[in-house]
Amino acid sequence: MEHLLNSNVKDIQISGIRKIANKAASIPGVISLTIGQPDFPTPSHIVEAAHQAMNAGKTVYTPNAGLPELREAAAAFVGARYGQHYNANDEVIITNGASQALDITLRTILSPGDEVILPGPIYPGYEPLIRLSGGIPVLVDTRDSEFKLTAELIQPHLNERTKAVVLGYPSNPTGRVMTQEELQDIARLLSGRDLFIISDEIYSELVYDMSHASIATIEGMRERTIVINGLSKSHSMTGWRIGFTLAPAAITQHMLKVHQYNVTCASSISQYAAIAALTAGVDDALPMKEEYRSRRDYVHARLTDMGLPLSKPEGAFYLFPSIRHLNMESMDFALRLLEEQQVAVVPGSAFSVYGEGYIRLSYACAQSVLEQGLDRLESFLQRL
Ligand SMILES: Cc1ncc(COP(=O)(O)O)c(C=O)c1O
């Protein structure tokens, strides 16, 4: 019966991140530097808020768009932090993580044949969702622009089928962050055009040495931008599944229909926990960020010493060094490193064709684990 299945689904590949992580799981003593989630516990006051909600019987459906108090808190949070102002009544949807936010966004805006411009290398979540909606991902090679999408790189790909441009900064896998000026260049190119911008800002709270800028704050951009954010990375809440979308009411009302028939609402208990995160816990990410910053500096220095060249990433919790000089495919490199030194890293090829020639290391793990993992990586490189 398999031949009867939707060919868009059959064509989707399992993510390269999962492939390595599954293999690593069966190896005793493995050091995994593949982790895409914070290694800190969810702050205890958030967990307590969930307990209270459960005990108070707040275990029923919430409004489709999410609890009004949570939508207010989400709008207030991004308003205060990033200067984006959204109406909690009709411009915010609380979703099951940023993943579902991306899904409802793409399903709302795409018709078959529409093109979506994306910077490559990129987080593997987008391409399959675009294809499931009948859309066509148009990957732009950002390897020579410090992994940043620029107006110059976007321009040749714009045509009447272009429906959206994705900006995913701070970037997974590269850790690169766009400056306000760089976003302004893109805004100048895109303003007045009939297309959307999807700005995935899930790592916005994890930006070091500079401040996070959102394209939605630039004149002429708010009306065409769908901002995606959430609590998975900022509040170490990956398993709670809380994300949100911020977009003009005219777009949000249609996204809400997709969301409603897809999931009805996000988990009520998680939503009560999220209210605590976005009110009493607005600064919860700060101590975690300081820890990440010091790990980033450590890993960057170690990789540089090992001869794996890269400039220091400004955000998220990943480094993306080049291994091109070793003349090995990134999957072969990752598999050999796993077999010979029991260290798991993600091959760059998991992040589109433009990730080939790189590996992704995550520093969302304890300093002692990082030290051991990097010692083993160093031995591996010495023996190559
Ligand atoms: C760039 C990016 N967007 C979205 C997501 C999905 O986040 P969530 O766990 O909130 O669904 C991730 C998760 O790793 C990510 O890296």
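Remember, it's 1-based here, ligands and their atoms both numbered in the order they're listed.
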For S204 and N229, test the side chains for any donor-to-acceptor distance below 3.5 angstrom and give the result as yes or no.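 On atom types as modelled, these side chains qualify, holding a pair under 3.5 Å.
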Pairing donors with acceptors under 3.5 angstrom, does anything connect the side chains of T150 and E152? no
Would F320 and F147 satisfy ring pair (Phe, Tyr, Trp, His ring centres under 6.0 Å), going step by step from the backbone distance to the final call? CA-CA 10 Å; F320 202 62; F147 301 120; 5.6 Å; yes
Give the ring-plane orientation class for Y363 versus F317, where under 30° counts as parallel, over 60° as perpendicular and anything between as tilted.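 Ring orientation of Y363 relative to F317: perpendicular.
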Ligand 1: which protein N/O atoms lie under 3.5 Å from its N/O atoms?
{"from": "ligand 1", "atom 1": "3 (N)", "to": "D200", "atom 2": "OD2", "distance (Å)": "2.6"}
{"from": "ligand 1", "atom 1": "9 (O)", "to": "S232", "atom 2": "OG", "distance (Å)": "3.3"}
{"from": "ligand 1", "atom 1": "9 (O)", "to": "R241", "atom 2": "NH1", "distance (Å)": "3.0"}
{"from": "ligand 1", "atom 1": "10 (O)", "to": "A98", "atom 2": "N", "distance (Å)": "2.8"}
{"from": "ligand 1", "atom 1": "10 (O)", "to": "S232", "atom 2": "OG", "distance (Å)": "2.6"}
{"from": "ligand 1", "atom 1": "11 (O)", "to": "A98", "atom 2": "N", "distance (Å)": "3.2"}
{"from": "ligand 1", "atom 1": "11 (O)", "to": "S99", "atom 2": "N", "distance (Å)": "2.8"}
{"from": "ligand 1", "atom 1": "11 (O)", "to": "S99", "atom 2": "OG", "distance (Å)": "2.5"}
{"from": "ligand 1", "atom 1": "11 (O)", "to": "R241", "atom 2": "NH2", "distance (Å)": "2.7"}
{"from": "ligand 1", "atom 1": "14 (O)", "to": "K233", "atom 2": "NZ", "distance (Å)": "2.7"}
{"from": "ligand 1", "atom 1": "16 (O)", "to": "N172", "atom 2": "ND2", "distance (Å)": "2.8"}
{"from": "ligand 1", "atom 1": "16 (O)", "to": "Y203", "atom 2": "OH", "distance (Å)": "2.8"}

Return each pair, listed once, that meets salt bridge (charged side-chain N to carboxylate O under 4.0 Å, His left out) where at least one residue sits in residues 215-232; pairs must be two or more places apart or across chains. E91-R222
Is there a side-chain contact between I218 and Q180, using heavy atoms and a 4.5 Å cut-off? yes
